[in-house]
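Notes to accompany the following structure.
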Amino acid sequence: MNSRTDEISESVKRILETIPPEVTLVAAAKTRTLEEVEAAIQAGVTHIGYNYIQEALPIIQTIGDRVTWHMIGHLQRNKAKTAVQHFDMIETVDSWRLAETLERHCANINKTVSVLVEINSGRESNKTGVLPDDVDELIHKISTLEHLHVKGLMTMGPRFGNPKDSRPYFQATRAAFERLSSLNLPRVTMQFLSMGMSNTYRIAIEEGANIVRIGTKLFGKRNNP
Ligand SMILES: *Cc1c(COP(=O)(O)O)cnc(C)c1O
């Protein structure tokens, strides 16, 4: 132990105490070292999120299945094969082409993967995620794929100075979540709503999030975003 890992340990414990027990904490681990990630696990983190496959692989291979691995960054189709091999949940499915590619790779290795559909709740042209108007159609189509199990929705929401400004985007995502649950589609279980980061997780939980993805508040400031 050193002071860095002590700080991480304290932050993890503090966050785990403040979030309700039914909310899953995903530690957003981009740019963090193996030692930092291990410190978070020691302190009670059981779910880890990565944005980039290349960065995640050596860590996943070292740590293994002691924790649950979430893909939380935009997934390129040429990385889909590696993603289904190594991740337990892919939170960022946002197109039919990506879903089809994931299905093909899952079928090849006879694995079913849990996915969340990412919604571009802020309707921002430069952001990933399916537009709110197109989410029903996409989920209907994905429900025909045998190896993908849709478990809910994920959103980033626009990044604001004031965390409160994200509330309407969380509410809109929650509304889509409720509507889609009532459709009872095959292989679609609206179980997880992944919204909220370091500065917005409290608001996201108030609006129904049961997965929060937190980096800065656990590990400290990142040098590069
Ligand atoms: C980095 C990241 C987070 C965590 O952001 P912080 O502000 O550091 O808590 C959450 N979700 C995604 C998709 C991220 O890339």
Side-chain angles (χ1 to χ4, degrees), residues 4 7-19 23-33 36-37 39-41 43-57 59-60 67-76 79 83 86-95 98 114-122 124 126-130 151-167 169-170 173-174 192-225:
R4 232 1 256 122
E7 275 173 38
I8 292 169
S9 175
E10 274 166 33
S11 305
V12 168
K13 286 176 183 155
R14 200 177 320 121
I15 299 266
L16 286 173
E17 277 165 16
T18 59
I19 64 177
V23 174
T24 297
L25 170 64
V26 173
K30 57 179 176 277
T31 77
R32 313 303 177 173
T33 64
E36 291 173 304
V37 174
I41 295 171
V45 160
T46 54
H47 293 251
I48 309 227
Y50 269 99
N51 294 64
Y52 305 104
I53 302 281
Q54 301 91 310
E55 187 187 7
L57 272 191
I59 307 271
I60 295 177
V67 295
T68 303
W69 300 98
H70 294 237
M71 177 65 197
I72 63 172
H74 179 63
L75 182 58
Q76 293 168 301
K79 305 275 164 47
H86 297 280
F87 283 85
D88 302 294
M89 179 179 276
I90 297 172
E91 295 203 15
T92 47
V93 174
D94 65 353
S95 74
L98 174 60
S114 296
V115 303
L116 304 184
V117 170
E118 181 183 358
I119 299 201
N120 179 354
S121 57
E124 296 167 289
N126 57 338
K127 284 276 175 67
T128 54
V130 59
K151 296 267 180 86
L153 302 179
M154 179 272 209
T155 199
M156 294 280 285
R159 294 237 192 186
F160 292 109
N162 187 344
K164 287 202 173 64
D165 293 337
S166 51
R167 193 182 293 278
Y169 302 96
F170 294 157
T173 308
R174 164 75 177 273
F192 297 113
L193 188 50
S194 175
M195 350 187 257
M197 313 196 292
S198 289
N199 57 354
T200 55
Y201 75 93
R202 289 190 191 81
I203 291 163
I205 291 170
E206 285 170 18
E207 297 304 339
N210 58 9
I211 293 180
V212 292
R213 308 174 311 270
I214 301 183
T216 310
K217 271 250 161 83
L218 299 181
F219 297 108
K221 277 214 157 69
R222 282 183 298 276
N223 293 325
N224 31 10

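We count ligands from 1, going down the list as the structure has it; atoms in each ligand are counted the same way. Everything numeric here is computed off the predicted structure, so don't read it as measured data.
The environment of R202 atom CZ is sparse: at most 12 non-hydrogen atoms of other residues, nucleotides or ligands sit within 6.0 angstrom.
In terms of N/O distances under 3.5 Å, ligand 1 is not approached by I72. Considering both main-chain and side-chain atoms, K217 never comes within under 3.5 Å of ligand 1 through any nitrogen or oxygen pair.
Only one option out of V212, T155, I119 pairs with M195 in a side-chain contact (heavy atoms from CB on, under 4.5 Å); it is T155.
Note that CD of Q76 is 9.5 Å distant from OH of Y52, once rounded to the nearest 0.5 Å.
In this structure, the side chain of T24 does not engage the main chain of I211 through any donor-acceptor pair within 3.5 Å. Under a 3.5 Å cut-off, the side chain of T92 and the backbone N or O of G73 do form a donor-acceptor pair. Checking side-chain atoms of D94 against main-chain N and O of V130 turns up no donor-acceptor pair under 3.5 Å. Of the possible donor and acceptor atoms, one in the side chain of R4 sits under 3.5 Å from a partner among the backbone N and O of F219.
Short contacts between ligand 1 and T216, defined as distances under 4.0 Å to a heavy atom of the residue, involve ligand atoms 6 (P), 7 (O), 8 (O), 9 (O). Annotation for ligand 1: atoms under 4.0 Å from non-hydrogen atoms of K30 are 1 (C), 2 (C), 3 (C), 14 (C), 15 (O). Listed by atom number, the atoms of ligand 1 under 4.0 Å from N51 heavy atoms are 14 (C), 15 (O). Residue R213 approaches ligand 1 through these ligand atoms, each under 4.0 Å from one of its heavy atoms: 4 (C), 10 (C), 11 (N), 12 (C), 13 (C). Set against the non-hydrogen atoms of I214, the atoms of ligand 1 under 4.0 Å away are 9 (O).
Contacts of A28 with ligand 1, taken as heavy-atom pairs under 4.0 Å, involve the side chain alone.
Under the 4.0 angstrom criterion for non-hydrogen atoms, E91 is not in contact with ligand 1.
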